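Keep in mind the model is a prediction, meaning the values are calculated, not measured.
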Amino acid sequence: MGTPRLSSTPLPGIGVRYDMTTRERRRLSVVAHRDGDRTFSAYRTDDPDACSLSVHLTPKEAAALVDALLPTHHSPNLLSTTELGLVAERLELAGTSYWNGRLLGETKMRTETGASIVAVLRRAEAIPSPPPDFRLAGGDTLIVIGTREGVETAAAILGRE
């Protein structure tokens with residue numbers, strides 16, 4: 001089986017359904033709802049019209065799944081952090097976060113966790129190596145690298161409201 005074929009079907013008032021059959025003859029579909037939600041469905045092999053799994057995803061959950069299936073950070077030229085006991089995580093700063101509007105240096109992230117904030121994604125802009133006087137804002141996505149424990153502690157600190 002060559003390149004997978006994806007077909008689309010407009011669903012008036014709902015969105016668009018995308019269907020694909022895998023090389024193992026499994027039928028999969030995604031309904032892209034107009035509000036940004038997604039419904040992922042897998043169908044039985046013995047009856048391709050019978051749904052065996054259906055999962056409703058928010059836009060953020062769908063984006064996380066896409067990142068897991070096709071990680072943009074996976075490149076043979078990049079340092080493989082897992083082999084060194086390090087992880088890289090994207091942590092979103094909520095609008096209600098205690099840190100919204102505060103300076104990055106005030107978090108004392110590296111001192112408290114050993115993890116480093118190596119970049120901030122804000123709207124369509126990436127800010128690499130933000131300095132301590134960088135002002136955080138709700139909706140920012142912080143790229144944090146450190147040990148699993150350090151990154152989890154960083155997430156707890158950044159999640160403070």
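- More than 12 heavy atoms of other residues, nucleotides or ligands sit less than 6.0 Å from atom CD of Glu61.
- Put simply, OG1 on Thr141 and CG on Leu91 are 9.0 Å apart, with the number rounded to the nearest 0.5 Å.
- Side-chain contact, Thr21 with Arg27: no donor N or O sits under 3.5 Å from an acceptor N or O.
- The shortest side-chain heavy-atom distance between Lys108 and Ile157 does not fall under the 4.5 Å cut-off.
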Under the criterion side chain to side chain contact (heavy atoms under 4.5 Å, CB included), I'd like the reasoning laid out for Arg17 against Ser41: C-alpha separation, chi angles, the key distance, then a yes or no. CA-CA 10 Å; Arg17 185 182 79 216; Ser41 300; over 6 Å; no
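- Separating the OG1 atom in Thr147 from the CD atom in Glu152 is a distance of 8.5 Å, to the nearest 0.5 Å.
- Arg122 places a side-chain heavy atom less than 4.5 Å from the side chain of Asp140.
- Contact annotation: the side chain of Thr107 approaches that of Leu136 to within less than 4.5 Å [non-hydrogen atoms, C-beta and beyond].
- Side-chain contact between Arg90 and Ile143 is present, with at least one heavy-atom pair separated by less than 4.5 Å.
- Of the possible polar contacts, one joining the Arg38 side chain to the Gly36 backbone as a donor-acceptor pair under 3.5 Å is found.
- Residues Leu158 and Ser97 have side chains not in contact (no heavy-atom distance under 4.5 Å, counting atoms from C-beta outward).
- In the hydrophobic cluster analysis, where Ile, Leu, Val, Met, Phe, Trp and Tyr join through side-chain heavy atoms closer than 4.5 angstrom, Leu65 is grouped together with Val30.
- Between Asp133 and Leu103 the shortest heavy-atom distance is O-CD2, 3.2 Å.
- Side-chain contact between Val118 and Pro128 is absent, with no heavy atoms from C-beta onward closer than 4.5 Å.
- Grouping the Ile, Leu, Val, Met, Phe, Trp and Tyr side chains by contacts below 4.5 angstrom, directly or via other members, places Val55 apart from Ile14.
- Contact annotation: the side chain of Arg110 never approaches that of Pro132 to less than 4.5 Å [non-hydrogen atoms, C-beta and beyond].
- Looking only at distances, a side-chain donor or acceptor of Asn100 sits under 3.5 Å from a matching main-chain atom of Gly95.
- Listed by first and then second residue, the ring pair (Phe, Tyr, Trp, His ring centres under 6.0 Å) pairs that reach into residues 31-58 are His33-His56, sequence neighbours excluded.
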